[in-house]
Chemist: 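My questions all concern the structure below.
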Amino acid sequence: MRCLVRGRSLGILLVATVLGACAGTPKGVLAPVAATVPGASKVDMLVATTRKTAANPGEMYSGDRGPALSYADITVSIPPDSMRQPGTVQWPKELPGNPATDFVTLKAETLDRPEAAARLRRSAARTGKRHVLVFVHGFNNRFEDAVYRFAQIVHDTRADVVPVLFTWPSRGSVLAYGYDRESTNYSRNALEGVLRRLAQNPEVAEVTVLAHSMGNWLVLESLRQMAIRDGRVAQKIRDVVLAAPDVDVDLAREAFRDMGPTRPRLSLFVSQDDNALAVSRLVWGNSGARLGAIDPSTEPYRSELARENIAVLNLTTMKGEDALNHGKFAGSPQLVALLGNRLAQGQTITDSRVGLSDRIVQMTAGAAATVGTAAGLAVSAPVAVVDAQSRETYGEHLRNLGQGIGDTAEGAVDLATAPARALGGR
């Protein structure tokens, strides 16, 4: 039995290698190009990360967990507005990317902590911007995904801010939900420290935190910890934007309570047709509603949100000319309105780059049990032949499946080898 499993696992890995070689999006996009083009825009950002340094310099950081907090100084070039659709990232199809049509990197340098602090002071002094926007990405994001998406958000909202990206170790795979979730817990002390140091910086007047998906859990836990340690959330942290939070409602209530009455203003962006949050609830055994998928017009949520003074943008039911519902956002700063308006217009806030076969795997995987995953891979194997994004991630799915297949039943092994047979293998 062990030999059979081992042999079939090798077959899976072989298919993974072949499909991995057909990847449609190049890796290493953070390797700097020599120059940009007239009409292009630049976004400079300070990056703080708990990721491990990548072997490929063009990737900078991997999905593994680093031993300590690291910093980087990155400049992204965005193509001229005439060459792109706002709200989207134009990924290079080959390296080096073309700055006339693609997002490219102009600078990517690692910093130590004193250099990062100095870089922040210089940026605030040079631009006169004393408002810092911290972005914390969600599940299934590679390092370059977070960098380019944040650059796009800053550019397209025309936000008058100093951008700071906090990126935690995400595998960048739809099958790594458990690893990603634990990585947010691994990173909460680091994010708390970053936010505290920003608030203590005399050059910073105000901090807004924008979190997406699973990143909301990291943000809420870090702010909760800060309030418990210091007696309150730092006063300069004025606004926290919770976009599609993949957080259990009951745990969110506890975090709001622990932050105390002097907590930052909270803005919640929800959607009841968010399939990712539906899958998340399934993964957690239907144990409770996800905060990003609630219907804020129904009880008990309607009364709770009003009592807690949480502004809400419901992206499911919003219609009419007033996309922001200004009555709810009237007391919020301009930046929150800008972000909400962009989301209401279809802004994508993550770059998970999910292909068609990934969606099939998500629907069949359930709680990411091996049998369900194998079934999804078997069904989606033919799709990987024709869909470029599926080819890029399919190999990773197979490798993840192969690592644990030795502990599964024979029936699961038969399902797992189905992708090879579907592609003509024996």
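Just so you know, residue 1 is the first one in the sequence shown, and it goes up from there.
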Chemist: Please list, chain by chain and in numerical order, all residues satisfying side chain to side chain contact (heavy atoms under 4.5 Å, CB included) with P96, sequence neighbours excluded.
Modeler: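 With sequence neighbours excluded, P96 shows a side chain to side chain contact (heavy atoms under 4.5 Å, CB included) to V33, given in chain and number order.
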Chemist: So which atom in P296 and which in L305 form the shortest heavy-atom distance, rounded to 0.1 Å?
Modeler: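 So the two residues come closest at CB-CD1, 3.6 Å.
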Chemist: Does any non-hydrogen side-chain atom of R224 lie less than 4.5 Å from one of L220?
Modeler: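 No, every pair of side-chain atoms sits at 4.5 Å or beyond.
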Chemist: With ring centroids as reference points, do F135 and F166 lie under 6.0 angstrom apart?
Modeler: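 F135 vs F166: aromatic centres not under 6.0 Å.
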Chemist: Do T110 and M60 make a side-chain contact, defined as non-hydrogen atoms from C-beta onward lying under 4.5 Å apart?
Modeler: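 A side-chain contact under 4.5 Å exists here.
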Chemist: Would you please say whether a donor-acceptor pair under 3.5 Å links the side chains of Q200 and R197?
Modeler: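 Per modelled atom types, Q200 and R197 side chains form no pair under 3.5 Å.
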Chemist: Please determine whether side chain to side chain contact (heavy atoms under 4.5 Å, CB included) holds for the pair F103 and I78, giving the CA-CA distance in whole Å, both sets of side-chain angles, and the decisive distance to 0.1 Å.
Modeler: CA-CA 5 Å; F103 278 54; I78 298 176; 3.7 Å; yes
Chemist: Given side chain to side chain contact (heavy atoms under 4.5 Å, CB included), test D73 with V47 step by step and report yes or no.
Modeler: CA-CA 6 Å; D73 184 5; V47 180; over 6 Å; no
Chemist: Does L120 offer a backbone N or O that forms a donor-acceptor pair with the side chain of S123 under 3.5 Å?
Modeler: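 No: the side chain of S123 does not pair with the backbone of L120.
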Chemist: How many angstroms lie between atom CG of L133 and atom CG of D160, to the nearest 0.5 angstrom?
Modeler: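 So the gap between those two atoms works out to 11.5 Å.
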Chemist: Where is the tightest heavy-atom contact between P99 and A35, given as atom of each residue plus distance?
Modeler: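 Taking P99 first and A35 second, the nearest heavy atoms are CG-O, 3.6 Å.
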Chemist: For W217 and N185, does a side-chain donor sit closer than 3.5 Å to a side-chain acceptor?
Modeler: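 Yes, N185 and W217 have a side-chain donor paired with an acceptor closer than 3.5 Å.
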Chemist: Is any side-chain heavy atom of R122 less than 4.5 Å from a side-chain heavy atom of R119?
Modeler: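 The answer is yes, as the side chains (C-beta and beyond) meet within the 4.5 Å cut-off.
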Chemist: Please say which of T101, D156, D102 ends up in a side-chain hydrogen bond (donor to acceptor under 3.5 Å, both in side chains) with R84.
Modeler: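 The side-chain hydrogen bond (donor to acceptor under 3.5 Å, both in side chains) with R84 is passed solely by D156 among T101, D156, D102.
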Chemist: If I take atom CG from residue L223 and atom CD from residue Q225, how far apart are they, to the nearest 0.5 angstrom?
Modeler: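 Result: 9.5 Å between the selected atoms.
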Chemist: Please name all residues satisfying side-chain hydrogen bond (donor to acceptor under 3.5 Å, both in side chains) with T105, sequence neighbours left out, ordered by chain then number.
Modeler: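 Scan of T105 (side-chain hydrogen bond (donor to acceptor under 3.5 Å, both in side chains), adjacent residues dropped) gives Y148.
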Chemist: Run through K129, H131, M45, E203 and flag the one making a side-chain contact (heavy atoms from CB on, under 4.5 Å) with V162.
Modeler: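 Running side-chain contact (heavy atoms from CB on, under 4.5 Å) over K129, H131, M45, E203 with V162 returns exactly one hit, K129.
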Chemist: Decide yes or no on salt bridge (charged side-chain N to carboxylate O under 4.0 Å, His left out) for R196 and E192, but give the supporting numbers first.
Modeler: CA-CA 6 Å; R196 181 179 285 107; E192 179 191 354; 2.8 Å; yes
Chemist: For atom CZ of R113, decide whether the heavy atoms of other residues, nucleotides or ligands shown that lie under 6.0 angstrom number more than 12.
Modeler: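 Atom CZ in R113 is not crowded, with 12 or fewer foreign heavy atoms closer than 6.0 Å.
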Chemist: Taking atom types as modelled and ignoring hydrogens, do the side chains of E182 and T184 form a donor-acceptor contact shorter than 3.5 angstrom?
Modeler: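 Side chains of E182 and T184: no pair found under 3.5 Å.
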Chemist: Looking at Q235, I want to see if its CD is surrounded by more than 12 non-hydrogen atoms of other residues, nucleotides or ligands under 6.0 Å.
Modeler: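 No, the 6.0 Å shell around CD holds no more than 12 heavy atoms from other groups.
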Chemist: Could you tell me whether the side chain of Y301 reaches within less than 4.5 Å of the side chain of D295, counting heavy atoms only?
Modeler: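 The answer is no, as the side chains (C-beta and beyond) never meet within the 4.5 Å cut-off.
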Chemist: How long is the span from the CG atom in D81 to the OG atom in S41, to the nearest 0.5 Å?
Modeler: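 So the CG of D81 and the OG of S41 are separated by 5.5 Å.
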Chemist: Sub-3.5 Å donor-acceptor pair from the side chain of S183 to the main-chain atoms of Y179, do we have one?
Modeler: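 Yes: the side chain of S183 pairs with the backbone of Y179.
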Chemist: Rounded to the nearest 0.5 Å, what separation is found between the CZ atom of F139 and the CZ atom of R181?
Modeler: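 Here the rounded value is 12.0 Å.
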Chemist: Does the pair L195 and I237 meet the rule for a side chain to side chain contact (heavy atoms under 4.5 Å, CB included), with working shown?
Modeler: CA-CA 8 Å; L195 293 175; I237 303 175; 4.0 Å; yes
Chemist: Do you know which two heavy atoms are closest between A227 and D258, and how far apart they sit?
Modeler: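 Taking every non-hydrogen atom into account, CB-O, 3.5 Å.
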Chemist: ring-ring contact (aromatic ring centres under 6.0 Å, His included) with H137: which of F150, W168, F143?
Modeler: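 Passing option: W168.
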Chemist: Report yes or no: does N201 contribute a side-chain atom to a donor-acceptor pair with the main-chain N or O of A117 at less than 3.5 Å?
Modeler: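 No; judged by distance alone, with no hydrogens or angles, the pair does not exist.
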Chemist: When rounded to the nearest 0.5 angstrom, what distance separates OG in S62 from CG in N56?
Modeler: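 The CG atom of N56 is 11.0 Å from OG of S62, to the nearest 0.5 Å.
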Chemist: Can you check whether V134 reaches L210 side chain to side chain, under 4.5 Å on heavy atoms?
Modeler: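 No, too far: nothing below the 4.5 Å cut-off.
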Chemist: Apply the side-chain contact (heavy atoms from CB on, under 4.5 Å) test between E206 and each candidate in L198, V161, D239, V132; give the one that qualifies.
Modeler: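 Going through L198, V161, D239, V132 one by one, the side-chain contact (heavy atoms from CB on, under 4.5 Å) with E206 is satisfied by D239 alone.
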Chemist: Return the OG to CG distance between S213 and D246, rounded to the nearest 0.5 Å.
Modeler: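 If I round to the nearest 0.5 Å, the distance is 5.0 Å.
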Chemist: Between R257 and M259, does a side chain to side chain contact (heavy atoms under 4.5 Å, CB included) hold up when you go through it step by step?
Modeler: CA-CA 5 Å; R257 184 178 301 115; M259 278 189 257; over 6 Å; no
Chemist: Between the side chains of N141 and S170, is a donor N or O closer than 3.5 angstrom to an acceptor N or O?
Modeler: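 No, no side-chain donor-acceptor pair sits under 3.5 Å.
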Chemist: Check this for me: does any side-chain nitrogen of one of R263 and E308 sit under 4.0 Å from a carboxylate oxygen of the other?
Modeler: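 Yes, charged N to carboxylate O under 4.0 Å.
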Chemist: Kindly give the heavy-atom pair with the smallest separation between N216 and A243, and that separation in Å.
Modeler: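 In this case the closest contact between N216 and A243 is ND2-O, 3.2 Å.
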Chemist: Which heavy atom of V204 sits nearest a heavy atom of K236, and at what distance?
Modeler: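 Closest heavy-atom pair between V204 and K236: O-NZ, 2.7 Å.
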Chemist: Restricting to non-hydrogen atoms, name the atom on A211 and the atom on V219 that form the minimum distance, rounded to 0.1 Å.
Modeler: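 In this case the closest contact between A211 and V219 is CB-CG2, 3.6 Å.
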Chemist: Kindly say whether R142 contributes a backbone atom to a donor-acceptor pair with the side chain of D145 at under 3.5 angstrom?
Modeler: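 Yes.
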Chemist: Is any side-chain heavy atom of F269 closer than 4.5 Å to a side-chain heavy atom of L242?
Modeler: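 No. Closest side-chain heavy atoms not under 4.5 Å.
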Chemist: Could you tell me if the side chain of L191 sits less than 4.5 Å from the side chain of R188, heavy atoms only?
Modeler: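 Sidechains of L191 and R188: no contact.
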Chemist: Could you tell me whether the side chain of Y71 reaches within less than 4.5 Å of the side chain of E115, counting heavy atoms only?
Modeler: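 SC-SC contact between E115 and Y71 ruled out.
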Chemist: Test: salt bridge (Lys or Arg N to Asp or Glu O under 4.0 Å). Region: residues 42-70. Which pairs qualify, not counting sequence neighbours?
Modeler: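 Qualifying pairs, neighbours excluded: D64-R171.
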